[in-house]
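All values below come from the heavy atoms of this structure, side chains included, with hydrogens, waters and symmetry mates left out.
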Amino acid sequence: MSRRPVVPPFRLVASALAAAALLTTAACSDDGAATTAADTAADQARAAERDIAEQAPTGSPTGSPTGSPTGSATASPSALTESGAKAALLTETDLEGGWNQVRDAGKWRDSMLIGQVDVAQFLTGKADASDCQELVDGLYGEDLLGKPSGASALTGFQQGDSRLLEQVAAHDRAALDDRLKWMASLPQKCDQFTLDGSGGGERTVQVTEVSVPEVGDARQGLHVTVRGDADGGPATLSLMVTAVRVGDSAVTVTGGGLDGDQKDSVEQATQAGAERLRTVLDGGTPSPQPTDLD
């Protein structure tokens with residue numbers, strides 16, 4: 001034998017009150033004040049229902065707060081401030097291999113990146129050539145992801161003839177994601193091209209994709225090799241550049257030089273840099289704090 005479902009007491013009371021309202025309406029149907037009496041009874045029934053409902057237990061059937069299907073609120077990263085950008089910068093402690101922090105990293109420029117892309121080599125025309133020009137100009141000007149939309153900070157480290165540059169900056173998220181997609185397209189568009197130097201010398205540039213540590217919300221990496229003459233002799237400039245988005249901000253790390261691309265150090269810097277930025281955006285203070293070299 002199946003059991004009848006149990007009806008909560010407050011629903012029985014509410015139903016009884018509603019029925020009473022209907023009986024009152026019927027009893028007064030011949031009276032001139034029938035409409036008023038019916039309205040009054042109905043209002044009383046609804047008020048009683050509300051009172052009983054307020055006493056009934058309430059809550060989410062899953063035990064989760066409203067708007068949070070997992071039972072916990074999701075906090076959005078805060079906006080990056082100038083002080084936060086500086087706090088997120090790498091320190092010598094974050095790197096291995098004898099890297100020394102320098103004061104003039106913002107003035108670093110490599111002359112082997114100066115030149116004009118030879119458009120004639122591109123079968124697809126000026127479109128791809130323009131992307132390749134933007135790449136070398138961005139590496140030279142240290143703005144591969146475009147101009148920051150807000151706070152930014154920069155630091156650099158040196159190890160012999162190799163350099164490692166880190167930038168932390170706020171960006172527009174949509175523009176930043178577009179820029180990362182643009183970086184991902186460069187190994188195909190700019191796999192190899194010629195850069196005509198200002199002194200008439202030609203340089204061969206090769207671009208390949210590299211893996212980036214699984215940090216941040218989105219990421220992209222490139223390996224760029226420039227072969228040509230420097231200081232009167234043949235030279236090869238090797239650079240590895242990584243970009244990681246964390247919220248609406250990004251960490252960009254560029255490392256290398258004439259001694260190689262310093263892959264291990266760039267990966268380590270990328271990992272530590274993204275973690276430090278995440279800590280700052282979450283309201284924390286990464287340790288240790290950068291040394292003020294201004």
Side-chain angles (χ1 to χ4, degrees), residues 90 102 104-119 121-122 127-148 152-159 161-169 171 175-176 178-199 201-212 219-231 235-245 250-263 265-267 269-270 273:
L90 294 167
V102 299
D104 60 350
K107 300 178 182 178
W108 280 349
R109 298 293 186 273
D110 199 304
S111 60
M112 291 191 71
L113 294 169
I114 301 175
Q116 295 297 315
V117 173
D118 186 355
V119 181
Q121 290 188 333
F122 288 82
D128 288 352
S130 176
D131 285 319
C132 302
Q133 187 70 58
E134 193 171 354
L135 168 63
V136 293
D137 290 346
L139 289 173
Y140 180 80
E142 299 167 355
D143 57 357
L144 194 62
L145 293 182
K147 299 297 182 183
S152 64
L154 177 149
T155 191
F157 304 83
Q158 194 157 4
Q159 181 195 78
D161 291 331
S162 297
R163 293 173 175 176
L164 190 148
L165 182 76
E166 184 210 21
Q167 296 167 288
V168 175
H171 291 269
L176 185 54
D178 287 344
R179 204 64 179 172
L180 292 175
K181 292 178 182 177
W182 170 76
M183 285 180 63
S185 72
L186 295 178
Q188 180 176 357
K189 294 179 178 178
C190 309
D191 57 340
Q192 181 168 313
F193 60 93
T194 299
L195 192 65
D196 295 326
S198 57
E202 292 185 349
R203 304 184 185 97
T204 301
V205 182
Q206 292 179 310
V207 182
T208 57
E209 185 176 10
V210 296
S211 61
V212 181
R219 64 207 67 81
Q220 191 59 48
L222 296 173
H223 179 267
V224 180
T225 301
V226 184
R227 293 182 174 87
D229 291 331
D231 299 327
T236 299
L237 173 67
S238 295
L239 298 174
M240 178 175 171
V241 55
T242 63
V244 176
R245 178 176 70 78
V251 175
T252 307
V253 177
T254 305
L258 300 179
D259 291 338
D261 61 11
Q262 301 296 327
K263 182 177 183 295
S265 294
V266 172
E267 289 181 346
T270 302

Give every residue pair that meets the side-chain hydrogen bond (donor to acceptor under 3.5 Å, both in side chains) criterion with at least one member in residues 104-118, sequence neighbours excluded. Arg109-Glu142
Counterpart residues, salt bridge (Lys or Arg N to Asp or Glu O under 4.0 Å), relative to Asp178 (two or more places apart): none
With sequence neighbours excluded, what pairs up with Ser162 under the side chain to side chain contact (heavy atoms under 4.5 Å, CB included) test? Trp99, Asp259, Gln262
If you look at every heavy atom in Phe157 and Leu90, which pair is closest and at what distance? CZ-O, 3.6 Å
I want to check something: taking the side chain as every heavy atom from C-beta on, are Phe122 and Cys132 in contact at a cut-off of under 4.5 Å? yes
Contacts of type side-chain hydrogen bond (donor to acceptor under 3.5 Å, both in side chains), residue Gln133, not counting sequence neighbours: Asp137
Restricting to side chain to side chain contact (heavy atoms under 4.5 Å, CB included), what partner residues turn up for Arg179, sequence neighbours left out? Glu134, Leu145, Trp182
Shortest non-hydrogen contact between Arg203 and Ile114, atoms and distance: NH1-O, 2.8 Å
Which residues share a side chain to side chain contact (heavy atoms under 4.5 Å, CB included) with Ala184, sequence neighbours left out: Gln220
Minimal non-hydrogen separation, Asp131 against Cys190, with atom names: C-SG, 4.2 Å
Can you measure from CG (Asp191) to CG (Asp128) and round to the nearest 0.5 angstrom? 9.5 Å
Val212 to Val244 - nearest heavy-atom pair and separation: CG1-CG2, 4.2 Å
Should Leu144 and Leu135 count as side-chain neighbours, where that means a heavy-atom distance under 4.5 Å? yes
Contacts of Lys263 that satisfy side-chain hydrogen bond (donor to acceptor under 3.5 Å, both in side chains) - sequence neighbours left out: Glu267
Holding to side chain to side chain contact (heavy atoms under 4.5 Å, CB included), I want the full list of residues that pass it with Val253, two or more places apart in sequence or in another chain. Leu164, Glu166, Thr242, Val251, Val266, Ala269, Thr270
Heavy atoms of Leu186 and Leu222 approach each other most closely as CD1-CD1, 3.8 Å
Nearest-0.5 Å distance that lies between atom CZ in Arg227 and atom CG in Leu195: 14.0 Å
To the nearest 0.5 Å, atom CG of Asp261 lies from atom OG1 of Thr225 at 7.5 Å
Atom NE2 in His171, atom OG1 in Thr252: separation rounded to 0.5 Å? 6.0 Å
Looking at residues at least two apart in the chain, or sitting in another chain, which of them share a side-chain hydrogen bond (donor to acceptor under 3.5 Å, both in side chains) with Thr194? Gln121
Checking Asp143 now: which residues fulfil salt bridge (Lys or Arg N to Asp or Glu O under 4.0 Å) with it, not counting sequence neighbours? Lys147
Quick one: are Val205 and Val117 in side-chain contact, heavy atoms under 4.5 Å? no
Looking at side-chain heavy atoms only, is the closest gap between Ser238 and His223 below 4.5 Å? yes
Run the side-chain hydrogen bond (donor to acceptor under 3.5 Å, both in side chains) test against Arg163 and tell me which residues pass, sequence neighbours left out. none
Between Ala243 and Met183, the two heavy atoms sitting closest are CB-SD, 4.0 Å
